[in-house]
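Quick caveat, the model's predicted, so the values are computed rather than measured. Lettering of chains follows the sequences in order, A, B, ..., and the numbering in each one begins at 1.
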There are 2 protein chains.
Amino acid sequence: MAGDRRIQYTKMVLRESLIELLREKPIARLTVTELCKKADINRATFYSHYRDQFDLLAQIESAVIADINSYLDHFIHETSEANMVQILTKIFEYIQQNSKLCQVLLGNNGNIDFQTNIMKIVSQRVVFEWQKKQKVDETTAEYIYTYVATGSIGIIRKWLGDDKGKPPQQMAEFVSHLVYKGIEALIE
Amino acid sequence: MAGDRRIQYTKMVLRESLIELLREKPIARLTVTELCKKADINRATFYSHYRDQFDLLAQIESAVIADINSYLDHFIHETSEANMVQILTKIFEYIQQNSKLCQVLLGNNGNIDFQTNIMKIVSQRVVFEWQKKQKVDETTAEYIYTYVATGSIGIIRKWLGDDKGKPPQQMAEFVSHLVYKGIEALIE
DNA sequence: GTGATTTCAAACACCATGTTGATTATCTTT
DNA sequence: AAAGATAATCAACATGGTGTTTGAAATCAC
């Protein structure tokens, strides 16, 4: 009763069809009818699982968020002392392994909420490192997190578009350098 | 023939109605019918000016982009030597003066393309400062721009949500500090 | 195999869409 | 102020997606 293969197939093919369609047009431009036709799933079946196409996309995004977290949890558990470079490396690795999916979710047709959620992961995983040392007030700290996290997301988005991008660890070191030392050491 | 008051009113009330609706729901969730009802404009009139609600939003965004650029052009023209803090201050000032509009366009219901376009402004206005000094390859430079620009957009978005945010110049100095020196000087 | 669950096809009323043509209101020009 | 031009309005229409409901067929778990 737990995992009916029919349900699993239906949801899987709907997910994959939506991701494919999202490479061509934004979620607002495509219809449930169009999606079901591509997936070869009856429209009534779709509505028995999802409210609309936005609901399906939201569930896909939530699953990715949960997946990244469990991926990081597993890693953190193994090496009790994780620094920022290690965490970032793992995130870049995960994104590389799921590049097609991430290209859509983080691409120009993606929504901002998902970026924000990824951002929160980056923040939460690194924040505890800084809270020990920081001497700035809480508000300032939040602004710093925002800057670092959104900047990192921007780099990830660009990296996803590059055919010949650097490997995850080099990217993590590069980002870490930018975060801690800024660009001063890189110019002049 | 240039500015028919009827057209001006129609477009103006449609713009304002759309912005109001976007504070409640994303563009994909609202209909042309709903928008015209709120604006008290006949639907056929809407279609004589815009293709759909996305077209209207895109035109609003383009106008803002152009407005920011002319705002900066005017400033740069006056003071021939502008540094990053000055440019950022002007951008923060502009956003503060148009906070209601920017809150919607940069908020969670906004689209990523607009953020990217704002990002390009930040980059283009500051890039020439760095190109003189930089000793990194072009690809690395692009990644740096991306990090700095998207990070700055993130701070702007957070600043727009803060009731008691710092004044534009302090924000500009704060961002400039983060960009050049990173967070190392702020912790420990 | 058997009962339970899911998918499917078809049909349905409902609503948004995009367009049309005729009418009314407003603007610009003189 | 009047005339001609332009734009907004209104009603109406065909079209297509929506969300739901039926009963039958297919597939599942046990």
Side-chain angles (χ1 to χ4, degrees), chain A residues 1-63 104-105 108-111 113, chain B residues 1-63 104-105 108-111 113:
Chain A
M1 187 176 249
D4 196 317
R5 291 172 191 169
R6 292 170 294 182
I7 299 180
Q8 284 186 326
Y9 172 78
T10 296
K11 291 191 172 183
M12 182 260 288
V13 69
L14 281 174
R15 280 196 303 267
E16 292 185 354
S17 298
L18 179 61
I19 295 301
E20 275 200 47
L21 286 176
L22 284 178
R23 300 177 69 168
E24 302 163 11
K25 58 178 93 175
I27 181 82
R29 294 283 193 184
L30 57 87
T31 65
V32 174
T33 301
E34 182 184 5
L35 171 62
C36 290
K37 189 179 175 185
K38 184 179 186 66
D40 195 30
I41 294 292
N42 190 276
R43 203 160 52 84
T45 305
F46 174 90
Y47 282 111
S48 70
H49 290 294
Y50 306 101
R51 233 180 111 259
D52 47 34
Q53 66 267 48
F54 305 97
D55 183 32
L56 169 56
L57 177 58
Q59 291 196 27
I60 293 175
E61 291 176 346
S62 297
V104 170
L105 296 183
N108 277 3
N109 289 343
N111 71 357
D113 276 343
Chain B
M1 186 178 248
D4 196 317
R5 292 172 188 169
R6 292 169 295 182
I7 299 180
Q8 283 185 327
Y9 172 79
T10 297
K11 290 191 173 183
M12 182 261 288
V13 69
L14 282 175
R15 280 196 303 266
E16 293 186 353
S17 298
L18 180 62
I19 296 301
E20 275 200 48
L21 287 175
L22 285 177
R23 300 177 68 169
E24 302 163 9
K25 59 178 90 173
I27 182 79
R29 293 284 194 180
L30 57 88
T31 65
V32 175
T33 302
E34 183 184 6
L35 171 62
C36 290
K37 189 178 176 185
K38 184 178 186 66
D40 195 29
I41 294 292
N42 191 277
R43 204 161 51 84
T45 305
F46 174 90
Y47 283 111
S48 69
H49 291 294
Y50 306 102
R51 237 180 105 257
D52 48 33
Q53 66 267 49
F54 305 96
D55 183 33
L56 170 56
L57 178 57
Q59 290 196 27
I60 293 175
E61 291 176 345
S62 296
V104 169
L105 297 182
N108 277 3
N109 289 343
N111 71 356
D113 276 342

Kindly indicate whether the side chain of B:Arg43 and the base of C:dG18 share any N or O donor-acceptor pair separated by less than 3.5 Å?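 Indeed there is one.
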
Whole angstrom is fine here: how far is it from [atom1] in [X] over to [atom2] in [N]?
X	N	atom1	atom2	answer
A:Leu35	D:dG17	CG	P	13 Å
B:Tyr50	C:dT17	OH	P	16 Å
A:Asp52	D:dT18	CG	C1'	10 Å
B:Lys37	C:dT17	NZ	P	13 Å
A:Arg51	D:dG17	CZ	P	20 Å
A:Leu30	D:dG16	CG	C1'	15 Å
B:Phe46	C:dA16	CZ	P	14 Å
B:Ile7	D:dA5	CD1	P	17 Å

Going by an N to O cut-off under 4.0 Å, is there a salt bridge joining B:Glu34 and B:Arg29?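 No, B:Glu34 and B:Arg29 are not salt-bridged.
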
Strictly below 4.0 Å, N to O, side chains only: are B:Asp4 and B:Lys11 in salt-bridge contact?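 Salt bridge absent between B:Asp4 and B:Lys11.
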
Lys NZ or Arg CZ of A:Arg51 over A:Phe46 ring: under 6.0 Å, within 45°: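 The answer is no; the distance or angle limit is not met.
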
Of B:Arg5 and B:Tyr47, the one whose closest DNA chain C nucleotide lies more 5':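 Its nearest nucleotide lies further toward 5', so the answer is B:Tyr47.
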
Counting heavy atoms from C-beta on, name the nucleotide in [options] closest to the side chain of [X].
X	options	result
B:Ala44	D:dA8, D:dT21, C:dT20	C:dT20
A:Arg6	C:dC8, D:dT27, D:dA8	D:dT27
A:Asn42	C:dT7, D:dA8, C:dC8	C:dC8

Output yes when at least one side-chain N/O atom of [X] is less than 4.0 Å from OP1 or OP2 of [N], else no.
X	N	value
A:Thr10	C:dT7	yes
A:His49	C:dT6	no
B:Thr45	D:dT9	yes

Please step through side-chain contact (heavy atoms from CB on, under 4.5 Å) for the pair A:Lys37 and A:Asp40, ending with a clear verdict. CA-CA 5 Å; A:Lys37 189 179 175 185; A:Asp40 195 30; over 6 Å; no

Check every strand shown and say whether B:Thr31 touches a base, only sugar-phosphate, or nothing at a heavy-atom separation below 4.0 Å.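 It contacts sugar-phosphate atoms only.
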
Residue whose nearest DNA chain D nucleotide is more 5′ - B:Asp40 or A:Thr33: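 With A:Thr33 and B:Asp40 compared, the 5'-side residue is B:Asp40.
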
Got A:Glu24 and A:Leu30 here, is their nearest side-chain heavy-atom distance under 4.5 Å?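 They are not in contact (no side-chain heavy atoms under 4.5 Å apart), so the answer is no.
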
